[in-house]
Amino acid sequence: MDPVELETSRRKRGPANLELQNLVMNATCENAKEFLSGLISDMRFDMTVSAEWTEEGCHLDLHGEDAHIARAENGEMLDALEVLLFQVY
């Protein structure tokens with residue numbers, strides 16, 4: 001499953017600011033995971049969401065019995081979930 005990725009830009013101002021920014025973005029990534037998990041659960045899909053904050057941004061992966069549904073129809077559901085995540089976060 002391809003991850004739904006949230007892209008963020010970084011300002012390079014120094015180690016303290018970068019550390020704080022990483023903490024904030026990691027928290028945002030976890031909030032996005034919780035939001036997506038709730039949405040998936042409300043739609044009654046058998047999927048779990050995992051999240052990882054990297055230098056490239058927040059990577060959210062969908063796993064489970066119904067993960068193939070997210071990839072169906074050329075990934076339209078993935079596109080829709082990504083739009084929602086961009087609007088919320």
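Hydrogens, waters and symmetry mates play no part in the numbers below; they use all other heavy atoms, side chains included.
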Point-to-point distance, once rounded to the nearest 0.5 Å, from OG1 of Thr28 to CE of Met25: 5.0 Å

Asn26 side, atom CG; Glu52 side, atom CD - distance, nearest 0.5 Å: 9.5 Å

Interatomic distance, Leu60 atom CG to Leu81 atom CG [nearest 0.5 angstrom]: 10.0 Å

Please report, to 0.1 Å, the donor-acceptor pairs under 3.5 Å made by any side chain of residues 37-48, with sequence neighbours excluded.
| residue | atom | partner | partner atom | Å |
| --- | --- | --- | --- | --- |
| Ser37 | OG | Lys33 | O | 2.9 |

Verify same cluster id: Met77, Val88 (apolar side-chain graph, 4.5 Å): yes

Residue pair Trp53 / Cys29: nearest heavy atoms and the distance that separates them: N-SG, 4.2 Å

Whether Tyr89 side chain and Asn31 backbone form a donor-acceptor pair below 3.5 Å: yes

Point-to-point distance, once rounded to the nearest 0.5 Å, from CG of Leu36 to CG of Asp61: 10.5 Å

Interatomic distance, Leu78 atom CG to Ile69 atom CD1 [nearest 0.5 angstrom]: 11.5 Å

